[in-house]
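FYI, side chains are in, hydrogens and waters are out, and symmetry mates aren't considered; it's all heavy atoms of this structure. Residues: numbered from 1 along the sequence shown. Fair warning: this is a prediction, and the values are worked out from it, not measured in the lab.
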Amino acid sequence: MRGKWPAGTDDLRRAAAVLALLLGTSAALAVESDPLPVPQASARATAVKTYNDGVQLLLSRDFTAAQRLFEQALLVDESLAEAHNNLAYSLRMQGAQHFELSLRHYDRAIELKPALAQAYMYRGVLFTQMGDLTRAKADHARLRLLDPAMAALLERAIASPAGDTRPGITGQFDY
């Protein structure tokens with residue numbers, strides 16, 4: 001949780017995610033799933049609280065319920081880039097029928113917050129799932145500047161053969 005974890009925790013979480021991925025587990029951490037600090041009473045406070053509740057559902061892998069909360073948060077504050085990013089992730093994890101909508105939310109997250117590394121990571125995975133390696137590699141190039149550890153994860157997803165069904169490698173690219 002940003003602002004609540006000890007200094008260096010984000011680096012430790014990323015390292016744990018990379019380690020989990022390299023060990024072939026599907027338990028790699030979703031690094032953008034951290035709750036946000038809730039501002040004082042305002043419409044944004046309501047949106048952030050709803051977003052944070054969605055994060056808890058995302059972490060428990062209840063993607064449909066998380067989707068609903070991220071959508072609610074965006075009804076209150078459409079400019080919450082992290083909600084667009086996690087809504088896109090929730091949609092993507094529910095299957096290919098949601099890929100186009102997922103892409104629109106990743107694009108909006110990046111439009112709102114161009115340095116949101118996680119959106120490039122997960123959009124790159126989505127492009128890989130969609131078979132668009134050109135755009136996946138473009139996101140990888142941008143991600144290398146923003147977060148080299150996450151770029152390594154995306155590079156692995158891009159390099160994965162399409163028919164490989166090992167957990168954490170293809171399918172839903174659970175990282």
Side-chain angles (χ1 to χ4, degrees), residues 1-2 5 8-36 51 54-55 58-59 61 63 66-67 70 74 79-175:
M1 294 180 223
R2 290 184 177 84
W5 291 83
T9 300
D10 285 343
D11 293 336
L12 291 173
R13 290 177 52 132
R14 285 190 186 98
V18 170
L19 179 61
L21 182 64
L22 293 175
L23 293 174
T25 69
S26 61
L29 301 172
V31 295
E32 187 47 42
S33 296
D34 290 343
L36 297 171
Y51 164 82
V55 167
L58 182 78
L59 292 173
R61 304 185 59 78
F63 301 117
Q67 172 191 342
F70 295 137
L74 290 169
S79 69
L80 194 55
E82 293 82 0
H84 281 285
N85 181 56
N86 280 343
L87 173 55
Y89 182 90
S90 296
L91 289 164
R92 181 174 63 82
M93 294 300 286
Q94 293 177 63
Q97 69 274 21
H98 299 287
F99 284 179
E100 289 302 322
L101 182 56
S102 178
L103 178 57
R104 287 197 298 272
H105 283 285
Y106 283 129
D107 289 345
R108 182 66 176 139
I110 290 168
E111 179 183 327
L112 291 167
K113 200 169 188 179
L116 185 60
Q118 295 79 4
Y120 290 97
M121 163 64 186
Y122 296 124
R123 186 177 73 174
V125 169
L126 175 62
F127 285 142
T128 301
Q129 288 178 284
M130 296 170 75
D132 190 342
L133 295 183
T134 300
R135 291 198 292 177
K137 289 176 183 178
D139 277 355
H140 176 258
R142 176 75 172 130
L143 191 55
R144 286 179 53 203
L145 301 172
L146 296 172
D147 188 322
M150 289 183 78
L153 292 172
L154 179 54
E155 184 174 17
R156 183 166 176 186
I158 291 169
S160 297
D164 190 343
T165 58
R166 290 177 288 160
I169 303 298
T170 60
Q172 293 300 317
F173 288 95
D174 192 8
Y175 41 82

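The distance from atom OH of Y89 to atom CG of L126, rounded to the nearest 0.5 Å, is 12.5 Å. To the nearest 0.5 Å, the span separating CD on Q129 from OH on Y122 amounts to 12.0 Å. Here the OG1 atom belonging to T128 is positioned 6.0 Å from the CG atom belonging to L154, to the nearest 0.5 angstrom. Atom NE2 of H98 sits about 10.5 Å away from atom CG of L87, to the nearest 0.5 Å. Atom CG of L112 sits about 11.0 Å away from atom CG of N85, to the nearest 0.5 Å. How far CG of L91 is from CG of L101: 5.0 Å, rounded to the nearest 0.5 Å.
For the salt bridge (Lys or Arg N to Asp or Glu O under 4.0 Å) condition, the pairs that include at least one residue of residues 116-137, sequence neighbours left out, are D107-R123, R123-D139, D132-R135.
The ring-ring contact (aromatic ring centres under 6.0 Å, His included) test applied to H105 returns H84, not counting sequence neighbours. Every salt bridge (Lys or Arg N to Asp or Glu O under 4.0 Å) that R108 has, sequence neighbours left out, goes to E78, E111. Under the side chain to side chain contact (heavy atoms under 4.5 Å, CB included) criterion, E100 pairs with L103, R104, M130, sequence neighbours left out. Every residue meeting the side-chain hydrogen bond (donor to acceptor under 3.5 Å, both in side chains) condition with Y106, not counting sequence neighbours, appears here in chain and number order: R92.
Pairing each heavy atom of A66 with each of G54, the nearest pair is CB-O, 3.6 Å. For L143 against A117, the heavy-atom pair with the smallest separation is CD1-O, 3.3 Å. Scanning all heavy atoms of the two residues, the minimum distance from S90 to L58 falls at OG-CD1, 3.3 Å. The two atoms that bring A157 and V125 nearest to each other are CB-CG2, 4.2 Å, heavy atoms only. A88 and S102 make their closest contact through O-OG, 2.8 Å (heavy atoms, listed as atom of the first residue, atom of the second, distance). A119 and I110 get closest at one heavy-atom pair: CB-CG1, 3.6 Å.
F127 places none of its side-chain heavy atoms less than 4.5 Å from the side chain of L133. Put simply, the side chain of L74 does not reach to within 4.5 Å of the side chain of Y51, judged on heavy atoms. Looking at heavy atoms from C-beta onward, Q118 lies out of side-chain contact with E82 at the 4.5 angstrom threshold.
With respect to R144 and E155, no salt bridge is recorded, no charged nitrogen being found less than 4.0 Å from a carboxylate O.
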